[in-house]
Asker: 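If you scroll down you'll find the structure; I have some questions about it.
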Amino acid sequence: MRSGRVRACAKPGKRQWATESQGPIHDRTREHLGTSDKGIANYRRLLLDAIGQAERGQKPPMVLSLAEAAQMRGPVTMDGIAPADDWERYWKETDLRRRRASSWAADPAGCAHRSGNRSGDPPANSAQAVHSAAPLSRSTQPLHPAAPPSGSTPPNHAHGRPMKERANTFAERHGLWDDAQQAAARDVEARMAAGGLDAVRFSFPDLHGLLRGKTIVAGEAPRAMRSGVGVPSTLLLKDTSHRTVFPVFRPEEADDDTGDGADDGGGFDLRKIAGAADVVLLADPTTFRVLPWSPTTGWLLCDVYFTDGQPVPYAARQLFRDTLAELGGAGYDYVAGIELEFHLFRLEEPRPDAGESPHPGVLPGYSLVNDGYQLLTELRYDQLDPILDVLRRDLLALGIPLISLEVELGPSQVELTARHGTGLEPADTMVLLRSAVKQICRRNGFHATFMCRPRIARVISSGGHLHQSLTGRGTGGNAFLPTTDAVLSPTGFHFMAGLLEHAAAGAAFSTPTINGYKRYLPNSLAPERAVWGRDNRGAMVRVVGSAAGGDTHLENRAGEPAANPYLYMASQILAGMDGMARKLDPGPSAETPYNTQAPLLPKTLHQALTALRADDCFAAGFGRSFVNYYIHIKQAELARFEAEVTEWEQREYFEMF
């Protein structure tokens with residue numbers, strides 16, 4: 001480098017290129033200055049990364065000489081820094097990213113200059129959408145959006161530039177969308193350009209299955225969809241009180257992993273999010289919807305990535321996707337359907353006083369909407385019909401595959417069921433459904449809670465029943481369907497045996513709250529032991545369906561409606577695959593499930609976490625790092641509970657002693 005001038009080599013047949021680099025490079029990389037400046041910026045980042053590695057005492061990087069680089073296939077790279085292991089792959093990927101980000105990469109001649117085209121520029125400020133609530137799933141029909149108004153910017157252009165010139169967005173730069181998502185993104189942009197939206201919500205499911213994210217104004221939404229939305233990484237580190245329970249400003253404490261999940265850092269590496277650094281929410285365009293209860297608001301479900309484009313390994317949706325891929329490698333697809341019970345109350349005092357702002361917040365005032373104890377009676381249903389009619393209409397308009405809304409046994413208790421789906425779909429449906437129910441009810445003067453056992457007189461606990469089976473990849477045939485007079489195929493028996501084998505540890509995912517364990521009672525239509533039964537609602541696993549109907553499947557009745565569906569379903573797959581791999585035997589059907597000699601399910605969340613810590617199947621499937629992370633967050637919840645003086649203690653001891 002001399003007087004700020006840099007010269008870099010190109011392959012034979014490519015012209016050399018050079019540029020002046022006067023002044024701070026980082027101030028100029030968003031302008032079109034030519035490939036050299038971009039290359040300098042890229043290698044400057046590599047050098048800074050290498051210095052950081054050396055300062056942390058990590059293995060020093062190697063220097064790749066020009067002679068070594070010349071031996072590589074593909075374009076010649078400038079000499080620089082690369083990892084000591086697998087350096088060839090590293091340089092190929094780095095050079096590919098550089099070529100994609102360069103102006104000559106999009107022009108075979110290597111000489112087309114697109115002045116003024118800044119990577120990541122926002123699309124046209126006409127990002128509106130037609131009023132359609134159908135999700136852009138891989139199974140939906142092609143969209144036919146309304147044509148944009150005369151004179152407006154075409155939907156596949158951004159400020160007059162073709163969309164193909166916006167190749168340096170987060171999604172394209174890191175290759176994070178498949179063909180279906182790319183096609184869906186173009187459809188979403190067309191729908192937004194057609195008008196009708198004011199804002200779009202970018203949401204992701206956190207560890208607890210709650211939707212979090214940001215709302216972006218419509219004019220910025222197309223750019224945000226491709227470039228991602230930055231949010232604090234602490235959203236991944238919160239317990240159910242919304243408190244951050246990790247030392248993000250002391251990340252070195254994450255290194256003292258003892259294997260018991262009890263250290264300050266949870267036993268996993270916090271350095272990428274040290275200082276509460278940002279992570280990126282990248283939309284899955286196939287999930288786009290317009291919210292029926294807020295018809296000028298769009299909605300997109302997002303995945304979570306580090307700023308370098310790597311997926312966050314303890315994001316629940318990513319973990320489930322990885323588990324599905326492992327199951328796919330074994331030749332199967334996962335099919336699941338859900339039944340969710342919940343309680344519905346009329347809001348009486350929806351707003352707390354200004355002086356009341358505890359953490360967690362003040363509970364709303366509420367009253368019952370029916371008296372209960374008349375299971376599936378039309379009279380009780382009609383009492384709820386005004387709000388259930390609103391729920392039904394909006395959920396169907398949202399694209400939820402709703403089957404039924406039913407009156408359950410308990411006071412103010414309701415159940416809904418949704419049609420089964422494959423892969424990510426049933427988990428996506430469950431998180432959206434729960435959030436939608438709560439929002440719709442709140443806007444109409446009601447409060448819906450998926451808490452397992454609310455504190456009301458003579459309450460009936462709510463369950464979250466998971467119906468599941470496997471289909472053969474490529475054939476689509478039900479892998480649990482028996483070919484003999486047995487109730488299940490051998491694959492189905494082995495899968496079910498895995499669920500029972502890991503039932504205690506799996507309870508940490510099927511029943512992740514302290515409150516949920518109050519449901520495991522004898523003779524209560526909720527399971528107490530790790531047993532299975534043929535069409536027996538007292539068993540943990542109920543075999544449902546028939547060979548004649550072709551619908552044989554397993555119903556796990558251990559779950560609560562507050563479970564994170566991504567972790568719950570992923571844990572089922574991991575346990576079932578372990579049973580299949582080891583050809584486990586589930587034993588005979590339990591005709592009297594509350595009296596059969598079998599392991600009891602955990603009675604507390606603490607017992608479930610203890611079982612999870614000792615379970616090698618989930619440690620291997622999820623990774624020990626994630627298991628420690630999960631246990632750490634749930635232990636923070638337990639610690640707060642154990643420190644609380646309950647009303648029971650006050651009544652029991654205050655006057656007596």
Side-chain angles (χ1 to χ4, degrees), residues 207 236 254-263 265-270 272 304 310-334 336 423-424 427 466 468 470 473 479 491-512 530 540-541 554 556 558-559 563-586 599 601-602 605 607-635:
L207 180 76
L236 294 157
D255 295 332
D256 61 338
D257 181 21
T258 61
D260 62 0
D263 53 89
F268 72 103
D269 193 347
L270 283 167
K272 277 196 172 183
V304 191
Q310 294 300 308
V312 174
Y314 35 90
R317 195 169 189 254
Q318 181 62 44
L319 279 166
F320 187 34
R321 182 186 287 109
D322 292 344
T323 305
L324 290 169
E326 185 177 350
L327 179 66
Y332 298 99
D333 289 313
Y334 183 69
L424 282 172
L466 178 61
Q468 56 191 329
L470 302 182
R473 176 158 288 195
T491 297
F493 274 118
H494 297 324
F495 189 95
M496 180 169 64
L499 302 186
L500 300 177
E501 175 80 4
H502 301 285
F509 302 111
S510 68
T511 311
M540 175 187 140
V541 180
L554 304 177
N556 191 331
N564 182 325
Y566 301 100
L567 300 180
Y568 184 12
M569 294 180 191
S571 69
Q572 296 290 282
I573 294 173
L574 292 173
M577 288 182 67
D578 183 60
M580 291 160 60
R582 296 163 55 195
K583 298 188 182 304
L584 297 180
D585 182 356
L601 294 175
L605 178 59
Q607 290 180 9
L609 295 178
T610 299
L612 175 60
R613 187 178 294 117
D615 192 286
D616 292 334
C617 171
F618 292 131
F622 285 125
R624 174 58 65 184
S625 177
F626 171 79
V627 169
N628 288 343
Y629 155 79
Y630 185 82
I631 290 174
H632 182 84
I633 288 182
K634 301 310 292 184
Q635 281 182 327

Asker: Please name all residues satisfying side chain to side chain contact (heavy atoms under 4.5 Å, CB included) with Pro311, sequence neighbours left out, ordered by chain then number.
Answerer: Tyr305, Gln318

Asker: About how many Å separate CG of Leu605 and OG1 of Thr610, when rounded to the nearest 0.5 Å?
Answerer: 9.0 Å

Asker: For Thr511 and Ala558, which heavy atoms make the closest approach, and how far apart are they?
Answerer: OG1-O, 3.1 Å

Asker: Closest approach of Pro602 and Gln607, non-hydrogen atoms and distance?
Answerer: CA-OE1, 3.5 Å

Asker: Taking only residues two or more places apart in sequence, or in another chain, which ones meet Ser510 in a side chain to side chain donor-acceptor pair (under 3.5 Å)?
Answerer: none

Asker: Quick one: pull up CG in Asp333 and CG in Leu327 and give me the separation to the nearest 0.5 Å.
Answerer: 7.0 Å

Asker: Could you give the distance from NZ (Lys634) to OH (Tyr629), rounded to the nearest 0.5 Å?
Answerer: 11.0 Å

Asker: Which heavy atom in Met496 sits nearest to a heavy atom in Val541, and how many Å separate them?
Answerer: SD-CG1, 3.7 Å

Asker: Can you tell me how far the CG atom of Asp578 sits from the NE2 atom of His494, to the nearest 0.5 Å?
Answerer: 12.0 Å

Asker: Looking only at non-hydrogen atoms, find the nearest pair between Ala530 and Ala503 and report the distance.
Answerer: CB-CB, 3.8 Å

Asker: To the nearest 0.5 Å, how far apart are CG in Leu500 and CZ in Phe495?
Answerer: 11.0 Å

Asker: Using side chain to side chain contact (heavy atoms under 4.5 Å, CB included) as the criterion, list what pairs up with Glu501, not counting sequence neighbours.
Answerer: Arg582, Leu584

Asker: For residues 569-576, please give each side-chain donor-acceptor pair under 3.5 Å, one per line with the distance, not counting sequence neighbours.
Answerer:
residue: Ser571; atom: OG; partner: Leu567; partner atom: O; Å: 3.2
residue: Ser571; atom: OG; partner: Tyr568; partner atom: O; Å: 2.6
residue: Gln572; atom: OE1; partner: Gln468; partner atom: NE2; Å: 2.8
residue: Gln572; atom: OE1; partner: Asn556; partner atom: ND2; Å: 2.9

Asker: How close do Leu466 and Tyr334 get, heavy atom to heavy atom, and via which atoms?
Answerer: CD2-OH, 3.6 Å

Asker: Using the test ring-ring contact (aromatic ring centres under 6.0 Å, His included), find all partners of Phe618 that sit at least two apart in sequence or belong to another chain.
Answerer: His502, Phe509

Asker: How far apart are the C-alpha atoms of Asn628 and Tyr314, what are their side-chain angles, what is the distance that settles it, and do they pass the side-chain contact (heavy atoms from CB on, under 4.5 Å) test?
Answerer: CA-CA 11 Å; Asn628 288 343; Tyr314 35 90; over 6 Å; no

Asker: To the nearest 0.5 angstrom, please state how far the CZ atom of Phe493 sits from the CG atom of Leu554.
Answerer: 9.5 Å

Asker: Please name the pair of heavy atoms, one in Arg613 and one in Gln635, separated by the smallest distance, quoted to 0.1 Å.
Answerer: NH2-NE2, 2.8 Å

Asker: Which residues pass the side chain to side chain contact (heavy atoms under 4.5 Å, CB included) test with Ala479, sequence neighbours left out?
Answerer: Tyr332, Leu470, Thr491

